[in-house]
Structures are given as C-alpha cells and as structure tokens.
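Below is one structure; the comments refer to it alone.
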Amino acid sequence: MSTDEISAKVTAFIKERFLSGDENKELEDTTPLLEWGVLNSMNTALLLMYLRDELGVVVPPTGIVAENFKDIRSITKMVNDLGSPQRATVAGTE
Amino acid sequence: MDFDLTADQQRRYDETLAATREQLGDAPSGADGYFTRQQWKVAASLGLTGLCLPTEQGGGGLGALDTALSLEAFGRGCRDTGLVFAVCAHLLACAVPIRDFASQEIRDGMVSGLASGDVIAANAMTEDDAGSDVGRLAVRARRDDDGAYVLDGEKSFASNAPAADAIVTYAVTNPKAGFLGVTGFVVPRDLPGVVVGEPMEKMGLSSCPASRVRFDNCRVPEAYRLGAEGQGGAVFQHSMAWERACLLAAYLGAMEHQLARCVEHARRREQFGRRIGAFQAISHRIAEMKQRLESGRLLLYRGCWLLDNGRDHVGAIALAKLAVSEAAVANSLDAVQIFGGAGYLSAAGIEQQLRDAIPTTIFSGTSEVQRELVAREAGL
C-alpha cells in the first residue's frame, strides 16, 4: 500500500470516528492530534485496532510514543515503516 | 480445558487461607483505625506483599493467576478488607510497575523491601480534574540541568499514602504530547517536597488510609523514573491490568465467605415456623449470589490466564473486573437483606461488606470505563 493510500485511510478513519465527519475540513496531515486531544488513550486504542484489523499492522508497545502519533504524517510513516501487512487476528482467540 | 487447580495451587490456596484466618482473621487495627506495621509484617511473613515479585528479591515469583488465587484466599480468610485492599494496591499498582519498569539501580533494592514488608507503597495517579481521563493530568515534571526531574502539583486520592515509604506517581513531561506525554516515577516518601495530607474519611475500606499527596518543587533523580519518558500511560495501564485482574480476586474470596455466612444464616434462622432458607424468596436470592460469584470467578481466572500467556487481555480483564465488582455490590446488598435487621446493624459485619464493596466499581477504572473497553473490543 502506498503512503498516499495509508494516509487517506487513516485520515478517513480519524475524521469519521473522532471528528464527527470533520465537515469543516479542518483536519490536515500536520494537525497536532495528541496536543489537541483528538487522540486520547481511548481513541488511540481504537486507532490501534483499526490499524491491526484493517491495515494488518500491529504496533508494538515500544512504538506507542508521541513521535509516532503526533499527526497523520507521523502515523503514516510509522505504518509504512512497520512494513508488510501481517495477518489480522481476533483478540484472545488466535 | 481443565478447571481443576493443580496440586500446588490448591496447597498454596489452602495454606494462605488457613494462615490468614489464624493470623489476620480479625486482627485489630491500630488505635486510629488504620492498619499497623505489625499487621503489614504479618502479611509480608505470609508472602502476600511480594506474591508476584521475583524470588531473587524475596518474592513468590508467581504469575497473575497464581497471585490471584493467593489473594482470593487472603480475601476469604481476613475480615479486614481494608488491609487486604492495602496490600493488593501496594503489590499490584506499585510493586508490579517497579518490578517491570524501574531502573536496575533502583529496582532490586526496592523490590526486596516491597516484598519483605519494610517498604509500603502507594499509587498516586488520580487528580481533582483527572479521574478516568488520565490524559488530563496537571502534575508536571520538568527536567533539570543535571537530569533530575522536578515535580509540581497535587494528587487528590492516594490509598496507603499516609503509611507509605514510596509513592508511585505519574506526571506530564511533554504537554504537547497529550496522554503520550506522561511519565511514571517512584518517589521515596522522604524526598524534600513530598507532602502527604491527612487521612480522608471515606465510606469503606476504613483501615486503609488514603490522602492527598502534593509535590512542591520535588527533585526526583532520573534513576527513579519508571520506563522511558512518555511511557507513563503504558506503565500505568500495565499496572492496572494486574490490579483489575488480581485485586478483584480478593473480593471473590470475600464473597465466598459472605455466601457461606448467608447459607448458614438461612439454614438456622426460623420465621413463621420454617427456616428462612425454605422460602423461595431467600433460596433464589442465594442461588443468584452463587451465580454471580462463580461467573465472575471464571472470567477473572481467564483474564489472568491471558495475561500470563502474553495474549490480548484488555477486554477479557475488563469483563472480569466489571463482573466481579458488580457482583460484590449486588451480593453485599443481598446479604444485608437476608440478615435483615442484624445485617443493617454493624455488629454482624454484614453492612461493612457492602461499604467495602462499593469502591470496587470505582477504583482501578470505573464500571463505566470497563464497559467502554468491552464495547470497543466488540467492535463498536
């Protein structure tokens, strides 16, 4: 998946789930998601599940740091760096 | 699938139950109503303050399930649930993150003290404006030139704090990073700038003192940091996984004891010429108490098992915490009703169980937060 595709998917997910659709189109790829509280602990857990289930990327605990989640650009880079899609699993039943 | 305890697990459970009944069964608290160092040392001599700490530092070396089984026996054998809670909070919310995230320089010495009972620990996370939403912490830690951190701000509710020698706490090190800008620390009580408040009156768990904790320009050497800078949220969630899974096991034990008392009472007490247990109103109430207890127990053992096996456990442990805490409240209300007037009077100890059960749906993540976690796992 190209970085543009990753970025588009992550942007769409954040808009729909955390910004009520973002009708004013305020979300940009450098919007400070952590600083503005768009990504709090609950929302980040949902995003991690989305990345795991929809993009096949499992973020290891050591990867859950501000540098990787500060904006869409960072998230996209992280997903891209984590590389080849892994098999999505269902919690607790793999 | 095997629902039997192993011989080792059964032996450890039986020994802990017998020892806590004998040595802490109804151990009197101090003159001020709070647990004493002597009681704490007795709990430590039974291994309870270090169940899941490494054997090299004097701990029991147990995993989450075995820790839970021992705490279940402790909760069943000891009538002072405040003391049981205090030991659990010390072990699970404090010793666990110190075990797993403290620098080597600090870890081994402190873990030995935590296991032996020489060091009592308190967890100070909650603030006036940051309860369930721990991303809204106001306590700050700024880095000084020499690498030390300077903590400023106030925590509003720290169980064990008035008795504590070490305080596990969390502070914002990077305000721009939201919940990923939080860092964990273990702060020795005697550092200048640590101000522990007076014990606050509360509804239950009365022998466990709780107070506010203020940090006034408190310099904490870097070695006392838990994990990396910004990792505090993960450190805290790790400690909460252990606390939600294992602390609630103590309440399984308390419910076991409570149910036995209700059955005994319903078999003995007669009204209208019959044992009250012969009335369906009572017998069905007892059946429902048993159902809540056993279903909570199965969920809790499974949550611990997932934790021990390194599997996804957040949703399973949330279900267990929710089930056991709600069961503790519901069963305690039922017990008061079954005992009637005697249940309402304090002497029988039945109403105290209710007061000790109420906080379970609040501490270690409220029932509301647990339901959110469960809903999230369900794909909402």
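Throughout, protein chains are lettered first and strands after them, A, B, ... in sequence-line order, and every chain is numbered starting at 1.
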Go through the steps for Glu222(B) and Arg143(B) under the test salt bridge (Lys or Arg N to Asp or Glu O under 4.0 Å), then give the verdict.
-> CA-CA 9 Å; Glu222(B) 185 182 13; Arg143(B) 201 82 188 252; 2.7 Å; yes

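The local environment of CG in Asp129(B) is sparse, with at most 12 non-hydrogen atoms from other residues, nucleotides or ligands closer than 6.0 Å.
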Could you tabulate the donor-acceptor pairs under 3.5 Å formed by side-chain atoms of residues 8-16 of chain A, not counting sequence neighbours?
from	atom 1	to	atom 2	distance (Å)
Thr11(A)	OG1	Ser7(A)	O	2.6

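Proximity to chain A involves both the backbone and the side chain of Val369(B), based on heavy atoms less than 4.5 angstrom apart.
Side-chain contact annotation: Arg142(B) with Tyr149(B), donor-acceptor N/O pair under 3.5 Å absent.
The heavy-atom pair separating Cys218(B) from Val187(B) by the smallest distance is SG-CG1, 4.3 Å.
Taking 4.5 Å as the heavy-atom cut-off, the residues of residues 43-50 of chain A that approach chain B are Thr44(A), Ala45(A), Leu46(A), Met49(A), ordered by number.
Between Arg140(B) and Asp152(B) there is no salt bridge, since no side-chain nitrogen of the basic residue lies less than 4.0 Å from a carboxylate oxygen of the acidic one.
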